[in-house]
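Shown next, in structure tokens, is the structure this report addresses.
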Amino acid sequence: MASAQTVFPDAPREDRLPNGMRVISLRTDSPGIVAYYTLVGVGARDEVEPGHSGYAHLFEHMMFRGTERHPQADYEAAIQGFGADNNAYTTQDFTLYTVTAPSSVLAQVVELEADRFQNLSYTEEAYRTETGAVRGEYDTSAARPSTRMWETLSEIAFSRHTYGHTTLGYLRDIDRMPEEVAYSRRFFQRFYTPDNTTLIVAGDVDHDQLLALAREHYGRWRGRRARSRIQAEPEPTEGVRRHIDWPAPASPRMYAAWRTPAFVSGRTDAARAAALRDTAALRVVHGLLFSESAPLYQRLVVEDRSVIELGSWAGDHSIDPHLFVATAVLAEGAEFDATLGALQGAIDALAEGEVDAERVEAVKSHVRYALLTDMQTPSDVADMAARYIAVGGSLDALDGYLAALAAVTPADVSRVAGELLTESRRFVVTLARGSAE
Amino acid sequence: MAVPVLTGLALGFGLASCGGAPPAPREYPRLEDESVEPAPETIAREPLRDAPLVVAQPSSDPVVTFRVAFEAGSASDPAGYEGVTRLAAELMAGGGAGALSYAELSRALYPMAGRISAHVERDMTVFVGQVHRDHADAFYALFRDVLLQPRMSEEDFGRVRDQQRDALVVSLRSADDEELGKQALQTLMYEGHPYAHPALGTEAALARVRVDDVRAQRARVFCAGRSIVGIAGDYPAPLAERLRSDISQLTSAQCVGRRVLPAPPDVERRRVLIVRKPEAQSVAVSMGFPIDVQRDDPDYPALVLVAAWLGQHRQFIGRLMQQIRGERGLNYGDYAYAEHFTQEGWSTFPLPNVARRQQHFSIWLRPLRPETAHFAIRLAIRELTQLVEGGMDQEALDRVRAFADRYYALFLQTSSRRLGFAMDDAYYGVDAAYLERLRESWRALTPETLNATMRRHLTPDRLQIACVASDAEQLAEALATDAESPITYRSEVSAAVLAEDRDIVAYPLQIPRDRIRIQPVDTLF
């Protein structure tokens with residue numbers, strides 16, 4: 001059976017500083033390179049105030065603006081001197097700062113990174129300028145139908161929960177950002193706290209040395225994460241469907257999504273194990289229906305060619321109940337209803353017990369080997385660890401998930417298909433070239 | 001030595017447009033007819049190699065990587081068959097092979113999470129296979145069949161062609177202005193040259209091409225004599241030799257050597273191509289010019305440093321990034337490249353095995369608000385001009401060298417990438433490994449030698465500029481008249497920036513209207 005020990009080359013080591021910050025090291029055979037990843041438990045999910053979507057992502061930008069001790073130019077000059085690859089990304093649930101650097105400069109990286117997370121300082125001018133870069137990022141993606149489809153799907157699937165907006169935020173909120181410097185400072189104080197931060201270092205790292213450096217540089221950091229008053233989304237009772245008339249040439253395309261439970265939930269061990277089992281069973285459904293080897297895929301894409309591309313979002317786990325998303329780009333002349341009917345029909349067949357046990361085992365094998373082949377660099381390892389810590393609370397979540405996956409039976413698959421992937425829990429967005437925008 | 005091959009059957013073209021009847025569709029000879037070469041002119045060709053070049057990199061990495069590269073890409077597409085090389089590669093990687101249909105092949109690969117993909121560039125196609133060592137032998141049997149015995153069936157062809165057409169006509173033209181701008185720059189820089197069209201091909205050619213043409217193209221260009229094969233990771237030892245001997249079998253009477261490339265168009269002055277796309281909300285900008293520097297050129301390492309200083313891809317060290325995004329917040333990023341660059345997936349690193357016989361220097365400005373596009377183009381060209389004229393001083397050289405000396409090591413983090421770079425070294429015929437070669441050259445550079453190299457190759461007067469914009473006429477007019485491009489900020493910027501802006505807003509680009517072309521997006525490719 002797969003376990004974290006077989007996924008990570010070495011057993012992970014973890015400590016917690018007195019201020020609540022976690023320090024995790026994952027040794028890999030990568031001589032001379034470390035991935036220094038800082039996970040902050042804040043995402044679009046935490047953007048609860050109306051009119052203020054997009055701020056978790058904005059901070060992904062602002063964090064590069066420097067401190068009094070290391071102004072932006074100094075910080076960048078130092079990072080560049082290390083030859084580091086320095087970036088960050090934001091999701092609905094978390095923000096991850098990703099530095100990959102030579103292991104010989106670990107001590108300097110700790111000093112620089114600890115400083116910016118504790119002492120970020122920016123002028124109103126710098127803030128306003130950076131909001132322009134955020135607007136530029138929105139423009140970069142705005143020409144893609146997928147951007148509009150995802151925005152729309154989020155809106156129709158979540159009427160109360162903050163998963164109703166995307167991580168970039170609403171355009172109207174992005175356009176208001178320049179006036180909101182005071183709000184931005186409060187946002188930083190609320191979420192950039194030691195108890196909300198996990199340091200994950202993978203590669204050529206000595207845990208004891210890392211821990212000593214972390215104590216020295218992060219030890220005096222104080223603060224408690226503010227609670228986000230996120231409204232629970234009611235269970236759906238009827239599906240919603242929305243169409244987008246796209247003003248430019250576009251193949252007809254569809255997102256079909258079903259409400260799913262959180263990655264892991266429940267207060268007792270038994271409840272948590274049951275929730276993980278549902279998550280793992282849904283992962284198997286992804287493989288059974290939407291991989292290239294799936295009969296449904298072969299029928300729609302290869303045999304009758306009504307669909308040009310068929311896929312699903314398989315690995316995206318979330319803190320709160322979210323969506324199981326299938327995506328289809330249709331051939332010219334193909335009907336949305338027919339494609340949607342084919343997807344739902346294949347799901348319903350699973351619900352009715354038509355589950356090929358041999359293929360269930362194939363999916364389990366695939367997921368395990370895909371995990372192993374996906375982790376080729378220290379960055380891959382740190383990223384994988386960060387995702388499971390962010391949504392599952394700890395590295396044990398990965399262990400638990402892999403154990404749950406190994407235990408999935410055809411009956412589990414039928415159960416989640418029948419209970420969760422139903423028309424009454426379904427949200428559909430279609431897009432095609434149209435006259436009106 | 002180049003071997004000229006005389007081709008025939010250039011007859012019949014152009015006759016159809018005589019008289020009042022609507023022109024009949026051009027009748028192209030089929031590629032599968034061995035006696036036929038569709039290009040009308042005499043084609044000079046390079047000789048085939050005697051055997052594949054082989055790079056083996058055994059290691060303890062549990063992920064085993066196979067890379068099989070062919071010196072063939074979209075520049076090998078015969079005229080009228082643009083896109084056929086990519087169709088061939090995609091049909092191989094995404095179709096049935098040997099005894100297995102595509103469905104059966106997919107099912108066989110699935111439990112081992114084995115991956116087979118193809119990437120087609122102008123001058124190179126690479127097939128990449130990856131699998132965990134637990135399944136190396138079983139996977140290799142499938143990978144081998146994809147290369148040696150692809151079925152290339154009519155059914156699989158229809159699907160692959162639909163997908164490629166969608167990628168060209170819908171995704172590229174409509175949904176990805178950044179990539180569209182980059183491809184438009186290629187079309188502009190390489191007008192009338194085999195690099196002009198994208199690997200995806202042209203809409204007209206994709207409508208015409210048949211499965212037999214695709215099979216014929218595979219036989220012509222995916223040959224042992226044009227191959228470089230590589231294997232890396234913890235693979236069973238005999239696999240390296242099996243790979244070599246299997247690929248050696250790819251010989252036939254149809255194999256032809258590479259077409260000798262014509263020189264790129266010799267354009268002395270700036271030109272602009274504006275792709276008119278009514279629905280574009282922002283302006284995508286790419287600019288560049290061909291340079292006569294390849295990886296094996298002694299000047300290459302210096303140009304890599306110059307490009308890094310100006311705009312290392314997605315890093316803040318670049319001057320353009322600092323000026324356009326950092327100081328002014330005008331867009332998301334601004335970069336410069338000393339050779340053709342394709343980003344690998346979501347990483348910030350270049351894809352290996354996209355080697356070319358001819359190269360270009362380029363600058364990429366990510367989408368700009370229409371009201372700031374002219375200003376940003378001026379700013380970028382002014383920066384390049386000042387760099388070339390003023391040169392880099394010792395401090396700038398030291399800083400970018402320290403960065404690059406370490407940063408470029410990150411390009412080589414996985415065994416697959418190390419293998420790809422080593423295969424590129426083999427392709428270019430250099431005897432030292434990529435990174436060592438760069439580092440050694442960089443150590444010896446002085447500001448004087450660096451600046452002299454830069455001035456030999458970088459000529460801002462020759463910049464070819466491609467834009468994607470909705471109001472193409474307005475942009476063309478502004479560029480042609482060198483009208484002032486005033487800039488306002490929503491925030492206060494420094495006095496130094498404002499002072500510089502006063503110069504930039506009227507910086508003359510000197511591109512008269514007759515060197516600015518506007519082309520509707522749906523007529524491109």
Side-chain angles (χ1 to χ4, degrees), chain A residues 29-30 32-33 64 72 76-77 80-87 100-102 124-133 135-137 139-140 142-146 178 247-251 287 291-293 298 301-302 305 308-309 329 331 361-362 365-367 369-370 372-373 376-379, chain B residues 60-63 102-103 106-107 109-113 130-132 155-156 158-159 162-163 166 169-170 173-178 279-282 314-317 325 327-332 348 366-369 399 402-410 413-416 489-493:
Chain A
D29 181 21
S30 316
I33 293 178
F64 292 86
Q72 182 171 10
E76 280 164 10
Q80 287 153 16
F82 303 155
D85 183 33
N86 189 16
N87 219 315
T100 304
E124 180 162 357
E125 288 71 36
Y127 170 82
R128 283 166 169 265
T129 301
E130 199 56 50
T131 61
R135 175 62 205 253
E137 190 173 352
D139 292 335
T140 293
R144 299 184 186 120
S146 56
S251 295
S291 69
E292 281 184 20
S293 67
Q298 288 289 327
V301 180
V302 179
R305 282 164 44 197
I308 296 173
E309 287 172 27
V329 177
E361 292 309 309
S365 172
H366 174 89
V367 174
Y369 276 110
L372 291 171
T373 43
Q376 298 189 24
T377 64
S379 311
Chain B
S60 61
D61 188 340
V63 179
Y102 176 51
S106 302
R107 273 204 295 279
L109 288 169
Y110 189 68
M112 52 178 106
Q130 278 205 309
V131 75
H132 192 272
E155 298 72 37
D156 286 334
R159 167 178 48 86
D162 285 354
Q163 288 168 337
D166 187 73
V169 176
V170 180
R173 279 189 195 158
S174 170
D176 193 344
D177 290 356
E178 301 193 311
E279 62 275 13
Q281 291 171 20
S282 51
R314 300 193 61 186
Q315 300 299 316
F316 273 93
I317 191 170
R325 172 173 164 173
E327 296 283 356
R328 295 176 173 83
L330 298 184
N331 70 354
Y332 184 55
T348 54
R366 302 193 75 164
L368 294 143
R369 309 294 308 147
R399 189 163 58 81
F403 161 79
D405 194 68
R406 286 165 159 170
Y407 182 72
Y408 278 59
L410 300 180
Q413 283 189 73
T414 66
S415 51
S416 173
Y489 299 102
R490 291 199 293 186
S491 59
E492 266 184 51
V493 294

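From a predicted model like this one, the values you see are computed outputs, not experimental measurements. Chain A is the first sequence line, chain B the second, and so forth, proteins listed ahead of strands; every chain is numbered from 1.
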- Report the residues that fulfil salt bridge (charged side-chain N to carboxylate O under 4.0 Å, His left out) with B/R159, sequence neighbours left out, ordered by chain and then residue number. B/D156
If you tally heavy-atom pairs under 4.5 Å against chain A, which of [options] wins?
options: B/V170, B/L109, B/D61; answer: B/V170
options: B/P111, B/S416, B/P62, B/G329; answer: B/P111
options: B/S282, B/G158, B/A402; answer: B/G158
options: B/L368, B/I317, B/T414; answer: B/I317

- Is a side-chain N or O of A/E125 found less than 3.5 angstrom from the main chain of B/V493, in a donor-acceptor match? no
- Is there a donor-acceptor contact under 3.5 Å from the side chain of B/S174 to the main chain of A/P249? yes
Kindly compute the distance separating [atom1] ([X]) from [atom2] ([Y]), expressed to the nearest 0.5 Å.
X: A/D85; Y: B/L410; atom1: CG; atom2: CG; result: 6.0 Å
X: B/Q413; Y: A/Q376; atom1: CD; atom2: CD; result: 10.5 Å
X: A/R144; Y: B/D176; atom1: CZ; atom2: CG; result: 5.0 Å

If you count heavy-atom pairs under 4.5 Å with chain B, which of [options] comes out on top?
options: A/G136, A/S379, A/A133; value: A/A133
options: A/A77, A/S30, A/G287, A/A331; value: A/G287
options: A/S293, A/G132, A/A126, A/A370; value: A/S293
options: A/P145, A/A101, A/A84; value: A/A84
options: A/E124, A/Q72, A/R135; value: A/R135

Exercise: identify the closest heavy-atom pair between [X] and [Y]:
X: B/V131; Y: A/T373; result: C-CG2, 4.0 Å
X: B/E327; Y: A/T129; result: O-CG2, 3.7 Å
X: B/Y332; Y: A/E137; result: CE1-OE1, 3.3 Å
X: B/A103; Y: A/Q298; result: CB-OE1, 3.2 Å
X: B/Y110; Y: A/S291; result: CE1-CB, 3.4 Å
X: B/R406; Y: A/G83; result: CB-CA, 3.7 Å

- Query: For A/I308, is it the side chain, the backbone, both, or neither that has a heavy atom closer than 4.5 Å to a heavy atom of chain B?
  - Reply: both
- Could you tell me which portion of A/Y127 (side chain, backbone, both or neither) has an atom closer than 4.5 angstrom to a non-hydrogen atom of chain B? neither
- Which answer fits B/E178, side chain, backbone, both or neither, if we ask what part of it has an atom under 4.5 Å from a heavy atom of chain A? side chain
- Query: With only heavy atoms counted, which part of B/R173 is less than 4.5 Å from chain A, the side chain, the backbone, both or neither?
  - Reply: neither
- Task: Indicate whether any N or O donor in one side chain lies under 3.5 Å from an N or O acceptor in the other, for B/Y102 and A/E292.
- Result: yes
Beyond-backbone contact of [X] with [Y], side-chain heavy atoms, under 4.5 angstrom:
X: B/S60; Y: A/D29; answer: yes
X: B/Q163; Y: A/V301; answer: yes
X: A/N87; Y: B/R314; answer: yes
X: A/Q80; Y: B/R399; answer: yes

